[in-house]
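Predicted, not measured: the structure shown is a model, and the values here were computed from it. Proteins get letters first, then strands, A, B, ... in listed order; numbering begins at 1 in each.
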2 protein chains.
Amino acid sequence: MANLISVAKLAGVSRATAARAFSSPENLRPETHRRVMEAARALGFRPNKVAQQLRTRATLMLGVMVPSLDNPVFAEQLQAMEEAARAAGYSLIVTTSGYDPGREEAIVEEMLRQRVDGLALTVAEADHSAVLVKLRRESTPCLLVHNPPVAPCFPSVGVDNRAAMADATRYLIARGHRRIGMIGGPLLQSDRARLRHEGYREAMEAAGLTPLALIEMPRHTQVALSRLEPALGGAEGLTAVLCTNDLLAISLIGELRRSGRSVPGDLSVMGFDGIELGRHLYPSLSTVVQPRAEFGRVAVDTLLALIRGATPQPLPLPHVLREGESAGALPASRQAPEPYDP
Amino acid sequence: MANLISVAKLAGVSRATAARAFSSPENLRPETHRRVMEAARALGFRPNKVAQQLRTRATLMLGVMVPSLDNPVFAEQLQAMEEAARAAGYSLIVTTSGYDPGREEAIVEEMLRQRVDGLALTVAEADHSAVLVKLRRESTPCLLVHNPPVAPCFPSVGVDNRAAMADATRYLIARGHRRIGMIGGPLLQSDRARLRHEGYREAMEAAGLTPLALIEMPRHTQVALSRLEPALGGAEGLTAVLCTNDLLAISLIGELRRSGRSVPGDLSVMGFDGIELGRHLYPSLSTVVQPRAEFGRVAVDTLLALIRGATPQPLPLPHVLREGESAGALPASRQAPEPYDP
DNA sequence: TGACGCCATGAGATCGATCTCATGGCGTTC
DNA sequence: GAACGCCATGAGATCGATCTCATGGCGTCA
């Protein structure tokens, strides 16, 4: 493939001049510039970014790691990040960790070798993450996405998970629910899920209600109804359930209806994330929306700021409660027998 | 950052020897190897892939372009591709085109400059794609994903869209449906959608039924029920609808139920793609499953074969009809008044 | 007309690896 | 003990750009 040397030769100039035709045409004689460009076109010259990257020590590439692309929340975030990065002239190397710390380490090592200009990571466990310990010693700018900010080490982009879930909980309480549970994926894999559970607990306690332990599902994407059944039965059963993400909520609604229950009649269900699909379902999903498009934009902007040497302290992004049809007011028939106590 | 020169210096060997410690340790004296590795560790040496790429003229990077990550079918395929690529030692540069030919061109040009070893593209319109015309003149191996194979130029990985939709259509016909329609996103943006419509038409005609024109929705991800209403009304209204993708089907089901209709009671709905979520909904989605995991694996394997210089001719991947609850037998009450005609 | 300075261009080093080929040491064989 | 060959290592070129600094030409001004 044609390189600058052959272009320079054909145009009858030096490599330096040929290079200048692309990087700073304004200080070439117009005639010279024209000759070089013509030679480039004739040879089908295409600048080699690898050589540029080596020489300039900047790759204009960002490394992105998410747990999985099977969850639309990550896919939608990635979509936004890609657009923002492209607009700024950056490319994305995309990887999935499957919540596996070993894979996280291998991926990050690989990306550092690739000399990405910056990393945007969503790790399973920000506070015990081996990969973050390692990165603290490296000079490559690193941003956490979705993970709660850990120590003062890495800036983090995301909503305030605790406050967001507290809002969702209060929403249910305000609609008359008293026996509210929460389900989530494997706890060990997600610091977010834990924070969300804390928000739930806080809001419950603030209302004088008893928070329950998180009901753990084997996966992040699909409920096993059997694990929830015990909590549903009888007059003392739950009347509302919060889910740590939308996929669980959607799956839960499906399972409930398949088992003959109605939503929100028999159980109100709230999700978390606000994936696009949730709006279109019936019943449409009541959920806490993380602003995905803004997410991607802010993540990329913040990372680029880090790369430029700034020390941005991004604020938590605002979450929005989206009222759907899956969570409703407590039916009169299920009013708790407990005495009213303001 | 430490480079091979400094490692060599510290270990008291030449650069060549230091390099050999990593690439072919077996022909170094064990003692020498140990000294180099120790020096590398002491300096925190990390091989620079950019330099390797320049020298070896192989980047071990694949360029992936999909229309959008908002549609889980692409996200899930990407997930599978990423895993397959990683297993083979390759990284993925991921981009989204938004079905925009201009963006497609810019993206491909960018990736060629990056000297990716191969390209896996899902283009909007394979047969009038400017980007493919350009690529035909380039030497970078290129694979189409989802797009129907175009001429003998580029191998293509995907299901047989026409046959798959014909199967789905026959499935509905076998369950007694006669007035079957089809909806899709903007036709101009998807050669797949067109092929699927052809499959539908074929199957309808083969059964002596009248195929209808595709009812076009403004987006690929969401139905506008108003556009369908005219076809639904009255005794002569449709009893079943095929959708060009699952998102449309899901959205359609939601809208129908919101408007007081039942699925499949009032209308049977079939999707296409088989995204994971469809299983968990209620009613669960009847759909044509494209084997996503296999998709990614086959796409990467085929592309790697191309890179190695082979000329693979991948077969269409097998599709599977997944029976869900959203498509059922035609209710007796809606039997067509037309005479029985075997 | 000579000195000065700007402007366009070229020569050569550099980024950090890999790869080929040369070389010196040492063991083997007759 | 001389010739041979293998093995470990080193020297230098190379991939394809960028960047600094040197240089020659030309216009300007005194």
Sugar-phosphate, base or nothing in reach of A/Phe45, heavy atoms under 4.0 Å: sugar-phosphate
Whole-Å distance separating the CG atom of A/Leu54 from the C1' atom of D/dT18: 10 Å
Distance below 4.0 Å between B/Arg29 side-chain N/O and D/dT9 OP1 or OP2: yes
Candidate nucleotides D/dC15, C/dT18, D/dA8, ranked by approach to the side chain of B/Thr32 - the nearest: D/dA8
Length of the line joining A/Gln53:CD and D/dC15:C1', which is rounded to integer Å: 14 Å
Upstream residue (5' side of DNA chain C) when A/Val13 and A/Arg115 are each assigned their closest nucleotide: A/Val13
Upstream residue (5' side of DNA chain C) when A/Ala16 and B/Pro47 are each assigned their closest nucleotide: A/Ala16
Whole-Å distance separating the CD1 atom of B/Ile5 from the P atom of C/dC15: 7 Å
Counter-base of C/dG25, judged by Watson-Crick or G-U geometry with both distances under 3.5 Å: D/dC6
Separation of D/dA8 P from B/Arg34 CZ (nearest whole Å): 17 Å
Heavy atoms of other groups near B/Lys134 NZ, more than 12 under 6.0 Å: yes
Candidates C/dA8, C/dA17, C/dC19 - which lies nearest the side chain of B/Thr56: C/dC19
Mate of D/dG12 where both pairing distances stay under 3.5 Å, Watson-Crick or G-U: C/dC19
A/Glu83/A/Arg297 salt bridge by N-O under 4.0 Å criterion: no
Step-by-step side chain to side chain donor-acceptor pair (under 3.5 Å) determination, A/Asn48 to A/Asn3: CA-CA 8 Å; A/Asn48 185 323; A/Asn3 58 12; over 6 Å; no
Short side-chain N/O contact from A/Asn48 to OP1 or OP2 of D/dG16, under 4.0 Å: no
Donor-acceptor pair present, B/Arg20 side chain and D/dG10 base, under 3.5 Å: yes
Nearest-nucleotide 5' precedence on DNA chain D, B/Arg55 against A/Leu4: B/Arg55
Partner of A/Arg292 under side chain to side chain donor-acceptor pair (under 3.5 Å), chosen from A/Gln79, A/Glu76, A/Gln77: A/Glu76
Spacing of B/Glu26 atom CD relative to D/dC7 atom P, expressed in whole Å: 12 Å
pair A/Leu303-A/Val157: side-chain heavy atoms closer than 4.5 Å: no
Interatomic distance, B/Leu60 CG vs C/dA17 C1' [rounded to whole Å]: 14 Å
Short side-chain N/O contact to C/dG10 OP1/OP2 from A/Thr17, under 4.0 Å: yes
B/Arg86/A/Glu110 salt bridge by N-O under 4.0 Å criterion: no
Base of D/dG12 paired with side chain of B/Arg15 (donor-acceptor, under 3.5 Å): yes
B/Asn27 CG to C/dC21 P, straight-line distance once rounded to whole Å: 16 Å
Spacing of A/Leu28 atom CG relative to C/dC6 atom P, expressed in whole Å: 19 Å
